[in-house]
Amino acid sequence: MTTKALEGIRVLDMTHVQSGPSATQLMAWLGADVVKLEAPAGDITRTQLRDVPDADSLYFTMLNSNKRSITLNTKTERGKQLLTELIRRSDVMVENFGPGAIDRMGFTWDRIREINPRIVYASIKGFGDGPYTDFKAYEVVAQAMGGSMATTGFEDGPPLATGAQIGDSGTGVHAVAAVLAALLQRTRTGRGQRVNVAMQHAVLNLCRVKLRDQQRLAHGPLAEYPNEDFGDEVPRSGNASGGGQPGWAVKCAPGGPNDYVYVIVQPAGWKPITRLIGRPELADDPGWSTPGARLPRLTKMFQLIEEWTTTLPKWQVLEQLNAENIPCGPILSTKEIIEDASLVADGMVVEVEHPERGSYVTVGSPLKLSDSPVDITASPLLGEHNEEVYIGELGLGDEELRLLKQGGVI
C-alpha cells in the first residue's frame with residue numbers, strides 16, 4: 001500500500017466556510033488525517049446554496065472531501081476538556097474564526113502550546129495587525145483591499161471581482177505552504193509554532209505584478225498596456241496581459257459569450273500570425289515588424305487578428321495557432337470544463353458517491369505527487385465520526401457519549 005505524503009499527521013480542523021476548509025482539504029488530499037470539528041449545528045455551508053433538500057450543499061461537499069467530522073460545543077466545560085485532549089493529540093490546528101474568538105474560548109497560543117508544544121497552530125484572518133484587523137472579511141472584500149478589483153476590468157468600467165476565489169481558496173493555499181514549512185522546521189527543532197495568514201495579504205501577493213507596475217509608472221506610461229492615458233496608479237486594462245508579451249481575448253465564430261481565444265503575440269509568432277490573418281506584408285513592415293513597433297498599436301494589432309478569428313470557431317482557431325506554436329487558449333465555460341474528458345482523465349473533475357446526495361461532481365486534487373496518489377472521497381456527514389474519535393480514540397464510554405449528546409455537548 002502506498003504511503004501518503006502527510007500520513008501520520010493529525011489536523012484538527014476548526015474552520016468553516018471556504019478559506020480554512022480549502023486549506024485543510026489540501027492537507028487531507030496529501031494524506032493527513034483531518035478531523036473537522038463542528039458545532040452541533042454544523043458548518044453553515046452545509047445548508048447554504050442547497051440544491052438537494054435535506055442534503056449537504058455542493059458548497060460544503062466541494063471543500064470537505066477526505067475529512068472526518070465530529071461535533072463539539074466548545075462553550076461547555078466538558079467541551080473545553082475534550083478540545084484540550086484533541087489539541088494534545090494533533091500535529092496541526094487550523095481555525096478561521098473572527099479575531100480573538102479562540103482566545104475567548106480560553107485557548108490562547110500560550111495555552112495551546114502548553115497543552116502541546118509540538119503543535120503547529122494556523123490562523124486564517126481577513127487582515128493583519130492594524131486598522132483593518134477587526135473588519136469582517138469575505139472573498140470579494142479581500143479582492144477589493146488586496147489590489148485585485150482596482151486592476152480588473154476595462155478602463156471605462158467599474159472595478160470587477162475575479163471569478164477565481166483568490167481571497168478564500170487563494171489564502172488557503174498560502175496557509176498550507178506555511179503549515180508544511182512549520183512541520184518541516186519541527187523536524188529540526190522539535191517545536192511547533194504559530195502561523196498567521198491574512199486574506200488581504202494573500203490577494204496582494206497574487207497581485208504582485210500590479211505593484212511592480214505601480215512603481216514602473218514613476219518612469220512613464222506602461223507601453224505593454226493598451227490604455228491611452230495613465231495617471232498615477234495602475235489602470236484597469238481589460239484582457240491585456242500586462243507582461244512582456246502582449247495578449248488579448250479575441251472573438252471567434254459564432255459569437256457566443258465564451259467564443260473567444262486568448263492569444264499571446266511573441267516576437268517569433270508575429271510572422272506566422274501575419275500569414276494566418278492574410279496580411280503577410282506586415283511581417284516585414286517597419287511599422288509592425290518589431291515588438292517595439294507593435295507596442296503603440298496593440299489595439300489595432302488585435303483588431304486585425306480578430307478580423308480573422310471571427311470567421312472561425314474557437315477550436316479551429318486554436319488548432320491553427322497551435323500548429324504555428326503560438327501561445328493561446330480557448331475561453332472554456334464552466335459547462336465545457338465540467339464535461340472536459342481530459343480533465344476527467346487527469347483526475348481534476350471527479351465523480352463522488354455521497355450517502356445523501358447520491359453522485360455528484362467535484363474538483364479533484366491539483367497536487368500530483370508520484371508517491372502520494374489522491375483518491376477523492378465524499379465529504380463527511382455531520383458528526384459522522386463521533387463514535388470513532390470519542391470512543392475509539394479518546395476512550396470515552398458509550399453511555400458518556402450518549403449523555404454528551406443529550407446534554408448538547410456534541
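Residue numbers count from 1 along this sequence.
- Note on Glu324 versus Lys271: no salt bridge recorded, every NZ/NE/NH1/NH2 to OD/OE distance being 4.0 Å or above.
- With respect to Glu400 and Arg78, a salt bridge is recorded, a charged nitrogen being found less than 4.0 Å from a carboxylate O.
- Using a 4.5 Å cut-off on side-chain heavy atoms (C-beta onward), Met145 and Val141 make contact.
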Donor-acceptor list for residues 370-383 side chains, cut-off 3.5 Å, not counting sequence neighbours:
from   : atom 1 : to    : atom 2 : distance (Å)
Ser372 : OG     : Ala5  : N      : 2.9
Thr377 : OG1    : Asn66 : N      : 3.3
Thr377 : OG1    : Asn66 : OD1    : 3.4

Could you give me the CA-CA distance, side-chain angles and deciding distance for Asn96 and Ser19, then say whether side chain to side chain donor-acceptor pair (under 3.5 Å) is met?
-> CA-CA 7 Å; Asn96 66 331; Ser19 61; 3.2 Å; yes
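- Judged by the 6.0 Å distance and 45° axis criteria, Arg236 is not positioned over the aromatic ring of Phe154.
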Any chance you could lay out the side chain to side chain donor-acceptor pair (under 3.5 Å) test for Ser333 and Asn258, step after step, and finish with the verdict?
-> CA-CA 6 Å; Ser333 70; Asn258 291 299; 4.8 Å; no
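- Only one option out of Thr152, Asn227, Asp213, Leu222 pairs with Ser237 in a side chain to side chain contact (heavy atoms under 4.5 Å, CB included); it is Asn227.
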Please list, one pair per line, the donor and acceptor atoms closer than 3.5 Å that link side chains of residues 386-397 to other protein atoms, with sequence neighbours excluded.
from   : atom 1 : to    : atom 2 : distance (Å)
Asn386 : OD1    : Thr71 : N      : 2.9
Asn386 : ND2    : Thr71 : OG1    : 2.9
Glu388 : OE2    : Arg68 : NH1    : 2.6
Tyr390 : OH     : Thr71 : O      : 2.8
Glu393 : OE1    : Arg10 : NH2    : 2.7
Glu393 : OE1    : Arg68 : NH2    : 3.4
Glu393 : OE2    : Arg68 : NH1    : 2.9
Glu393 : OE2    : Arg68 : NH2    : 3.0

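- Under a 4.0 Å N-O distance rule, the pair Arg216/Glu224 qualifies as a salt bridge.
- Salt-bridge annotation for Lys80 and Glu77: absent, with no side-chain N of the basic residue lying under 4.0 Å from a carboxylate O of the acidic one.
- For Pro313, the side-chain contact (heavy atoms from CB on, under 4.5 Å) partners two or more places apart in sequence, or in a different chain, are Gln316.
- Under the 4.0 Å criterion applied to side-chain N and carboxylate O atoms, Lys125 and Glu95 are assigned as salt-bridge partners.
- In this structure, CD1 in Ile112 is found 8.0 Å from CG in Leu83, a value given to the nearest 0.5 Å.
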Thr15 vs Asp13, side chain to side chain donor-acceptor pair (under 3.5 Å): CA-CA, chis, key distance, verdict = CA-CA 6 Å; Thr15 70; Asp13 180 1; 2.5 Å; yes
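- Salt-bridge check for Arg357 with Asp56: failed, with every basic side-chain N at 4.0 Å or more from each acidic carboxylate O.
- The shortest side-chain heavy-atom distance between Ser90 and Val11 does not fall under the 4.5 Å cut-off.
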Trace of the side chain to side chain donor-acceptor pair (under 3.5 Å) decision for Trp288 with Thr274 = CA-CA 10 Å; Trp288 290 94; Thr274 62; over 6 Å; no
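- Checking each of His174, Gln18, Gln25, Glu139 against Ser169 for a side-chain hydrogen bond (donor to acceptor under 3.5 Å, both in side chains) leaves exactly one that passes, namely Gln18.
- No side-chain heavy atom of Asp43 sits under 4.5 Å from any side-chain heavy atom of Leu63.
- Between Tyr360 and His354, the ring-plane angle classifies as perpendicular under the 30° and 60° cut-offs.
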